[in-house]
Number of protein chains: 2
Amino acid sequence: MSAQEVAERAGVSRSAVSRTFTPGASVSADTRRRVLEAAEALGYHVNHLARGLMRNESGIVCLIVSDVATPYRSALLRELTIQLQNAGKVAMFVNTDRSDGSVDRALQQAIRYRADASIILSGLPDKSITQLCLRSGQRLVLINRDDDQPGTLKINLDDYESGGRIATAFVRAGCRTLAFANSEARTPSLMGRERGFIAAAETLGLEVVVERYGSTGYEAGRVLAQRMLTRAERPDGVFCATDLLACGFMDAARHQFGLSIPDQLCVAGFDDIEQASWSSFDLTTFAQPVTAIASQAVKWLAGGREDEPEEAHSITLKAELIWRGSIRKG
Amino acid sequence: MSAQEVAERAGVSRSAVSRTFTPGASVSADTRRRVLEAAEALGYHVNHLARGLMRNESGIVCLIVSDVATPYRSALLRELTIQLQNAGKVAMFVNTDRSDGSVDRALQQAIRYRADASIILSGLPDKSITQLCLRSGQRLVLINRDDDQPGTLKINLDDYESGGRIATAFVRAGCRTLAFANSEARTPSLMGRERGFIAAAETLGLEVVVERYGSTGYEAGRVLAQRMLTRAERPDGVFCATDLLACGFMDAARHQFGLSIPDQLCVAGFDDIEQASWSSFDLTTFAQPVTAIASQAVKWLAGGREDEPEEAHSITLKAELIWRGSIRKG
DNA sequence: TTGTACGCGTTATCAA
DNA sequence: TTGATAACGCGTACAA
């Protein structure tokens with residue numbers, strides 16, 4: 001089922017077949033019809049491997065992800081794949097969940113398949129590898145990772161400012177003892193939230209207890225609650241670096257410590273995962289603008305490569321505060 | 001950065017380069033070393049587009065999915081991508097979240113990229129398209145969808161039997177009024193659970209109230225609770241077709257109806273999503289054997305195409321009952 | 001073991 | 001508008 005066979009059956013040349021399937025090429029209506037008929041009968045589909053080889057443009061965009069099964073990650077993934085498809089691209093998926101250095105191997109995979117671009121949602125690749133990507137004409141998008149590579153697009157959120165906004169909200173709610181529950185990951189975005197929260201609290205005349213443990217998941221949230229809620233001076237306003245941490249924290253606070261939220265304890269999170277809106281949590285949190293993130297990434301990828309020759313392009317998006325019932329009304 | 005350039009730099013022929021990167025080809029140690037050096041210096045990577053063209057085997061496996069952001073789907077996706085990578089394949093991702101007939105377009109995408117196989121996690125393709133896939137040498141795996149195509153692998157669970165097992169558990173817990181909360185989707189797997197549950201309940205001398213509404217998500221679970229818990233004879237043992245339905249159901253039962261679980265109401269779900277183990281839910285449920293599903297799929301894909309020429313291969317896996325606190329101990 | 005020559009399916013170029 | 005031909009980067013049969 002190659003163009004050759006379609007051409008023979010339609011009684012035209014191979015070029016005519018190729019033109020029929022190339023948007024904007026000049027074919028007579030009659031030729032076109034006969035080609036399409038023959039293609040339909042034979043079940044012919046253009047071979048994108050060969051097309052990519054010729055055009056030096058595969059149409060493939062590589063998504064490099066870890067922790068796919070996490071609510072926030074899968075939501076972002078969903079948005080990215082949809083928008084990539086709308087832009088005529090196809091998503092290749094590399095899961096970096098296990099060993100270290102796997103981001104580098106993932107990028108090599110992308111290079112081997114001549115991906116037009118790679119979008120990195122987690123982990124940080126070695127400089128030498130990213131350089132290799134750029135040299136081989138691949139575009140690079142880094143989401144929520146802080147790196148300064150020329151020729152890449154960085155998309156970040158206003159983590160620091162968000163930390164400040166939620167500190168103000170806690171104070172308005174009458175909280176006296178603030179705390180920040182973080183993971184040990186020390187990702188720039190997580191640390192940004194922490195620093196912004198602390199800075200704003202200091203301005204408001206309050207100190208912040210910081211505790212860091214494990215990953216950014218539910219279980220770590222439980223452990224953090226056990227550590228923080230047994231302190232002599234128990235916090236009454238806790239900002240968790242992610243919603244999953246917040247869910248674990250709230251569950252432990254309620255079921256193990258018998259605390260009432262928001263009466264005895266105010267909690268906030270970050271990401272606005274679906275579970276945050278469930279009535280068991282009803283969590284006040286910041287929404288990651290996943291749609292905007294994806295559209296910015298795709299727009300940049302689809303755009304010509306001429307405009308930004310060497311500079312690193314950086315975009316900062318605003319996280320929207322979603323007000324729910326886990327913080328008392330001021 | 002083609003094999004040609006590497007060959008020139010290494011002072012060997014292009015074939016020598018090709019052989020160096022072909023496992024099991026015969027190259028002298030010296031030639032091999034010089035080729036690898038040159039390749040490293042030039043940042044050369046084999047072009048898998050061209051290799052796929054030659055070998056008539058792209059190494060690409062297409063994952064066709066909708067509702068990616070759903071906990072169960074993303075967990076299965078995670079497992080599949082990991083195991084595919086371990087088997088030396090690469091995952092291509094097609095999201096069918098929007099219009100109808102998009103599964104067919106997804107499969108066409110797979111054909112265009114000459115995917116070695118497609119794994120369908122949701123939706124059901126048209127017969128003509130699957131035939132086209134098979135004719136073009138593509139292997140097809142259907143997970144939890146009931147279809148009878150020769151040459152495909154079907155992986156299903158013992159949904160019917162699971163429904164029966166949980167009915168017994170409810171009766172042992174002393175439940176008198178059973179109910180089944182389902183979505184309107186009428187998927188074979190969902191209907192299997194429903195029928196098995198009803199059949200077993202009848203055997204035990206109990207009738208089952210069945211209600212179907214919306215999708216398989218949290219919100220539908222809330223609505224179902226509102227409908228079922230306002231009935232004259234309120235159910236005291238509810239099997240929800242999925243964990244997400246169960247979460248919505250439990251939240252509504254507790255926060256809107258003030259019911260205590262499992263004292264006044266026993267609930268069970270299906271999938272064993274991460275949230276089922278959270279202490280807010282502590283949900284008794286059936287675990288989808290995602291690891292086994294993925295490994296069966298990958299094993300079949302990796303296996304030679306000789307063994308099962310025309311027959312449809314079907315595998316039924318067992319869902320494991322995960323006992324938690326949402327059902328009283330008998 | 002090594003190199004030469006050809007074909008994989010496509011698009012781009014050019015002459016008709 | 002159409003068809004012949006070259007080229008994309010690779011694997012491999014074949015001859016050396």
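Scope of the values below: all heavy atoms of this structure, side chains included, with no hydrogens, waters or symmetry mates. These numbers come from a predicted model, not from an experiment. So you know, we letter chains A, B, ... as the sequences are listed, proteins then strands, and number each from 1.
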Whole angstrom is fine here: how far is it from [atom1] in [X] over to [atom2] in [N]?
X: E57(A); N: dC8(D); atom1: CD; atom2: C1'; value: 14 Å
X: L49(A); N: dG9(C); atom1: CG; atom2: P; value: 11 Å
X: R55(B); N: dG9(C); atom1: CZ; atom2: C1'; value: 17 Å
X: F21(A); N: dA12(C); atom1: CZ; atom2: P; value: 15 Å
X: N47(A); N: dG9(D); atom1: CG; atom2: P; value: 16 Å
X: M54(A); N: dC8(C); atom1: CE; atom2: P; value: 17 Å
X: H48(A); N: dG9(C); atom1: NE2; atom2: P; value: 16 Å
X: R34(A); N: dT1(D); atom1: CZ; atom2: C1'; value: 13 Å

CG of L132(A) to CD of Q108(A): how many Å apart, nearest 0.5 Å?
->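 The CG atom of L132(A) sits 7.5 Å away from the CD atom of Q108(A).
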Is the shortest side-chain N to carboxylate O distance from [X] to [Y] below 4.0 Å?
X: K154(A); Y: D146(A); result: yes
X: E37(A); Y: R33(A); result: yes
X: D116(A); Y: K89(A); result: yes

Looking at [X], I'd like to know whether one of its side-chain N or O atoms comes within less than 4.0 Å of OP1 or OP2 on [N].
X: S15(B); N: dG11(D); answer: no
X: R51(B); N: dC10(D); answer: no
X: S26(B); N: dT1(C); answer: yes
X: S18(B); N: dG11(D); answer: yes

I want to verify a distance call: between [options], whose nearest atom is closest to the [X] side chain?
X: L53(B); options: dG9(D), dG3(D), dC10(D); value: dG9(D)
X: S2(A); options: dG9(C), dA12(C), dG3(C); value: dG9(C)
X: A16(B); options: dT11(C), dT2(D), dG3(C); value: dG3(C)
X: R14(B); options: dC10(D), dA12(C), dT12(D); value: dC10(D)

Tell me whether the side-chain N or O atoms of [X] pair up with the base of [N] as donor and acceptor below 3.5 Å, since no angle test is needed here.
X: R114(B); N: dG9(C); answer: no
X: T31(A); N: dT1(D); answer: no
X: R19(A); N: dT11(C); answer: no

Between D30(B) and T22(A), which is nearer to the 5' end of DNA chain C once each is assigned its nearest nucleotide?
->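 Result of the comparison: D30(B).
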5' precedence on DNA chain C between N56(B) and S28(B) (nearest-nucleotide basis) =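 So the residue in question is S28(B).
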Would you check if there is a donor-acceptor pair between the side chains of S15(A) and S18(A) at a distance under 3.5 Å?
->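 Judged by distance alone, the side chains do not pair up.
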Y44(A) near the nucleic acid: base, sugar-phosphate alone, or nothing, with a heavy-atom cut-off under 4.0 Å?
->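 Sugar-phosphate only.
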NA contact type, V17(B), heavy-atom cut-off 4.0 Å: base, sugar-phosphate, or nothing?
->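 Here V17(B) touches no strand at all.
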Are any non-hydrogen side-chain atoms of V94(B) and L63(B) less than 4.5 angstrom apart?
->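 No - every pair of side-chain heavy atoms lies 4.5 Å or more apart.
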